[in-house]
Amino acid sequence: MHNLLPELLALDEIPKITLQIPGSSDLKTRSLTVRHMLEKTSRRLAALEVQPATCEIAVERARSLAEDPGLATVRSGTAAVYVAHDFAKAVLWPAMLPERVEVGIEFHLSDAVELLDRSHCYLLTLSRGTAGLFRADAMSLESVELPDVPASFAEATEHLDVERQSQVHQARAGGRGGSSAVHHGIGVGEGRDVEELRNYLRAIDLGVRTAVAGDPGPIALVGSDEMPTEFRDVTHLDKLVDEVSRVNPEGLGNNDLRRLADEVLRSARTKEAMVARQHIADLAAAGKGSYDLGEVLAAAGEGKVDTLLLGSNRATASGPEGRRLNRAVVASLRHRSRVLVDEDLSESLVAASYRY
């Protein structure tokens, strides 16, 4: 979707059609929903005095995308359809967005702001059986190779197997039996084992630092028992988040990792929005920021918005107010402004700081 966004923002043709169709396990109900949405689209195009032939072509393009089996059969997420003149694209958003039909001068993108966010994080999974690094943003979760890291703690210490064997030597007995065997135990001492574990974790730390190579994304640890604590003691990474997921990563699937990554991203966005909200409060009194939607929309259109916050009541905005909110979002995105959702901004739809 990040590749599609520039196309949506650059398109000049109007009117623009946006359909948001939440996933459903009931195909009959979904089919009925799509039919009603297309009928509404036709009426809105007619109200804008679009030629009947042009209207028919646009609606048919929207229908073809909305009824594509790849989108129609999904049970979760939201199928979004974007049509304007010769342009027709669809995407499956990995979140349940509001059901929506919009026909206007801009595609409707304000519901998907968090999914458009390019910020990312890393998950580092730690166990004696394996170690893994995953890069996640709002739309994807990908494994990152750690080629120089041992596959497991056992592999990292396999060269010590001889030392770990039962250690015995001959000693002279005090009685008539001659010599006897003295047994020193199996394996190595507890302190030695801890140091070997730390050496294994040091190898992981070096591999991760090489893989991220100065990338500013935060890194969250996922691991049970002593692994995260021991890793913190040896690591040279300076981007570890405070929160640790205390679970055994060997039993986690992609959906579990996706959920953990979403929690890290959500926490980072919340902190970023809080700092931005406080900054806007300081600037607004000096006329360098605003909470008024009309003022923010005008500034966004001129490329003057630096940071735009969307309040917790954004989802309830409809009609002209909802369209103005969306135009402020699209204009801000078009001018490369930072756009964030702020669930703690409840007294206004928007807040913005300006570029001066």
Side-chain angles (χ1 to χ4, degrees), residues 2-3 94 117-167 185-269 271:
H2 292 312
N3 294 329
D117 188 358
R118 289 180 175 271
S119 62
H120 63 278
C121 70
Y122 291 93
L123 297 180
L124 176 58
T125 60
L126 299 169
S127 76
R128 289 181 179 244
T130 185
L133 182 65
F134 300 86
R135 184 189 186 282
D137 59 26
M139 294 290 289
S140 65
L141 175 70
E142 300 175 345
S143 177
V144 179
E145 288 191 16
L146 297 174
D148 297 324
V149 171
S152 66
F153 178 61
E155 180 183 293
T157 57
E158 62 183 358
H159 65 286
L160 301 173
D161 283 349
V162 175
E163 297 180 37
R164 292 177 179 275
Q165 294 174 2
S166 178
Q167 300 178 21
I186 298 176
V188 294
E190 181 179 347
R192 177 75 175 275
D193 183 69
V194 170
E195 187 56 31
E196 290 170 3
L197 176 62
R198 289 184 175 181
N199 285 337
Y200 168 56
L201 294 174
R202 289 186 183 101
I204 295 173
D205 175 59
L206 178 59
V208 171
R209 284 187 285 123
T210 301
V212 301
D215 189 309
I219 302 173
L221 299 182
V222 180
S224 58
D225 301 326
E226 81 282 21
M227 299 296 285
T229 301
E230 294 291 347
F231 184 81
R232 284 186 181 277
D233 286 343
V234 303
T235 185
H236 292 277
L237 292 166
D238 58 1
K239 298 171 291 185
L240 295 180
V241 302
D242 294 334
E243 298 83 1
V244 175
S245 299
R246 295 284 182 176
V247 295
N248 182 359
E250 295 180 46
L252 298 180
N254 283 341
N255 289 339
D256 300 308
L257 292 172
R258 177 72 262 176
R259 176 179 54 80
L260 295 175
D262 285 341
E263 291 174 2
V264 176
L265 291 170
R266 188 178 304 110
S267 177
R269 292 187 195 114
K271 293 176 182 177

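The residues of the chain are indexed from 1 along the displayed sequence. These figures come from a predicted structure and were not determined experimentally. Scope of the values below: all heavy atoms of this structure, side chains included, with no hydrogens, waters or symmetry mates.
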If every non-hydrogen atom of [X] is compared with every non-hydrogen atom of [Y], which pair is closest and at what distance?
X	Y	answer
A156	Y200	CB-CD1, 3.9 Å
A136	R258	CB-NH2, 4.2 Å
L260	S245	CD2-OG, 3.5 Å
M139	P94	SD-CD, 3.4 Å
S224	P228	O-CD, 3.7 Å
A203	P150	CB-CD, 3.9 Å

Interatomic spacing from [atom1] in [X] to [atom2] in [Y] - rounded to 0.5 Å:
X	Y	atom1	atom2	result
L201	F153	CG	CZ	8.5 Å
N248	D225	CG	CG	7.5 Å
D193	E196	CG	CD	6.0 Å

Run through D262, D117, D137 and flag the one making a salt bridge (Lys or Arg N to Asp or Glu O under 4.0 Å) with R269.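 For R269, the salt bridge (Lys or Arg N to Asp or Glu O under 4.0 Å) check succeeds only for D117.
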Evaluate the side chain to side chain contact (heavy atoms under 4.5 Å, CB included) criterion for residues D148 and L206: first the C-alpha distance (whole Å), next the side-chain angles of each, then the deciding distance (0.1 Å), finally the verdict. CA-CA 9 Å; D148 297 324; L206 178 59; over 6 Å; no
V247 side chain reached by D256 side chain, heavy atoms, under 4.5 Å: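 D256 vs V247: side chains apart.
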Is there a donor-acceptor pair under 3.5 Å between the side chain of [X] and the backbone N or O of [Y]?
X	Y	value
S267	E263	no
R135	L123	no
T235	F231	no

What pairs meet the side chain to side chain donor-acceptor pair (under 3.5 Å) rule with one or both residues in residues 123-134, with sequence neighbours excluded?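 As it turns out, the side chain to side chain donor-acceptor pair (under 3.5 Å) pairs with a partner in residues 123-134, which skip direct neighbours, are S127-E250, R128-E226.
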What residues, two or more places apart in sequence or in another chain, satisfy side chain to side chain contact (heavy atoms under 4.5 Å, CB included) together with V208?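 By the side chain to side chain contact (heavy atoms under 4.5 Å, CB included) rule, V208 matches L124, L133, L146, I204, V212, I219, L237.
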Salt bridge (charged side-chain N to carboxylate O under 4.0 Å, His left out) pairs, two or more places apart, involving residues 198-219: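 Output for this query lists E195-R202, R198-E230, R198-D233, D205-R209.
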